Amino acid sequence: TSLILWILFHTSFARVYEAIIDEPDKNWVYIGKFVFDATGEGSVSYSIRSFPTDDTTNSSNRTSSCQQYKTSGSNKTFAFDCMGQDPLATSLLFYYDSDGSLSSWFNVYNSESFTCEERRELASAKIQLDDDPEILQQLELGVTPFARPRFWYAVLSRCSTSSLKANVRLHFRNKQLSGYAYDTGEFGFDELWLLDMTAT
């Protein structure tokens with residue numbers, strides 16, 4: 001049996017995905033999505049504790065390449081510097097909504113012909129994680145400006161096994177809008193119409 005317990009905080013106070021993932025038969029699991037505006041001033045922070053499963057190979061050489069950048073303060077470069085190179089390692093993956101291309105989220109998600117490694121290779125950003133349950137892996141990633149608002153889809157993968165076990169927390173934010181007394185950064189771009197409803 002598989003277990004994914006989801007807690008989605010989606011109010012004017014938070015846009016947070018929390019998941020307890022225990023999947024004995026899956027190695028690529030969708031977590032959630034968010035629409036960033038085009039300013040490039042949004043961010044996503046993650047907190048992940050990954051657990052080895054019975055078929056997990058030795059991950060001692062698969063420590064996240066993010067760790068060496070963790071205290072550099074260059075948040076805007078994390079989305080590009082934090083790239084795990086091991087296609088079999090446990091990874092947090094982000095896909096953008098580039099319709100019409102092979103790497104489009106809809107192609108990756110709906111095609112049954114892709115292997116786990118192929119899905120991982122097509123991710124727009126790859127963050128390699130450590131399978132040591134004693135390590136709580138945390139980081140905040142900046143996003144880059146786009147020509148238009150863009151969906152980000154988040155996935156956890158471990159292509160070296162047929163199973164996944166992890167505790168995951170993701171927090172997405174957009175740029176704070178002026179003229180509002182409360183935190184508008186918690187809203188996805190596709191939800192800005194809710195601001196007008198709450199203002200009346």
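Here the structure is a predicted model, which is why all the values come from computation and not from measurement.
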I need the Thr115 OG1 to Trp28 CH2 distance, nearest 0.5 Å.
11.5 Å
About how many Å separate OG of Ser157 and CG of Leu164, when rounded to the nearest 0.5 Å?
7.0 Å
Expected output: side-chain Ser124 to main-chain Tyr96 donor-acceptor under 3.5 Å:
yes
Are Phe51 and Asp22 close enough, and set up right, to give a side chain to side chain contact (heavy atoms under 4.5 Å, CB included), and what steps lead you there?
CA-CA 9 Å; Phe51 300 89; Asp22 190 355; over 6 Å; no
Return the set of residues passing salt bridge (Lys or Arg N to Asp or Glu O under 4.0 Å) with Arg169 (not counting sequence neighbours), or none when no residue passes.
Glu18
Would you indicate whether the side-chain heavy atoms of Val108 and Tyr95 approach each other to under 4.5 Å?
yes
One should read off an interatomic distance between Gln137 CD and Tyr46 OH, to the nearest 0.5 angstrom, of 6.5 Å
Looking only at non-hydrogen atoms, find the nearest pair between Ser43 and Glu140 and report the distance.
OG-OE2, 3.2 Å
Gap separating the OG atom of Ser45 from the CG atom of Leu139, nearest 0.5 angstrom:
9.0 Å
Is there a donor-acceptor pair closer than 3.5 Å between any side-chain N or O of Gln128 and the backbone N or O of Asp86?
yes
Correct closest heavy-atom pair for Asn174 and Phe36 would be OD1-CA, 3.3 Å
Results of side-chain contact (heavy atoms from CB on, under 4.5 Å) for Pro145 - residues two or more places apart only
none
Whether the side chain of Ser113 engages the backbone of Ser111 through a donor-acceptor N/O pair (distance < 3.5 Å, no angle test) should be reported.
no
Which pairs with one or both residues in residues 113-146 pass disulfide (SG to SG under 2.5 Å), sequence neighbours excluded?
Cys116-Cys159
Ignoring hydrogens and geometry, is there a side-chain-to-backbone donor-acceptor pair from Arg119 to Phe114 under 3.5 Å?
yes
Residues that Thr39 engages under side chain to side chain donor-acceptor pair (under 3.5 Å), provided they are two or more places apart
Asp37
Asn107 vs Leu122, side chain to side chain contact (heavy atoms under 4.5 Å, CB included): CA-CA, chis, key distance, verdict:
CA-CA 10 Å; Asn107 288 327; Leu122 291 171; over 6 Å; no
If only atom types and distance count, is the side chain of Asn27 paired as donor or acceptor with the main-chain N or O of Thr161 below 3.5 Å?
yes
Determine whether the aromatic ring centres of Tyr153 and Tyr109 lie less than 6.0 Å apart.
no
Please identify each residue that fulfils side chain to side chain donor-acceptor pair (under 3.5 Å) with Ser50, with sequence neighbours left out.
Asp131, Arg158
Pro24 to Ser163 - nearest heavy-atom pair and separation
O-CB, 3.5 Å
Using the test ring-ring contact (aromatic ring centres under 6.0 Å, His included), find all partners of Phe94 that sit at least two apart in sequence or belong to another chain.
Trp152
In this structure, CD of Glu121 is separated from CG of Leu93 (nearest 0.5 Å) by 10.5 Å
Considering all heavy atoms, the nearest Glu134-Asp132 contact:
N-OD1, 2.9 Å
Roughly how far, to the nearest 0.5 Å, is the CG atom of Leu129 from the CD1 atom of Ile48?
5.0 Å
Using the side chain to side chain donor-acceptor pair (under 3.5 Å) criterion, which residues pair with Ser47? Sequence neighbours excluded.
none
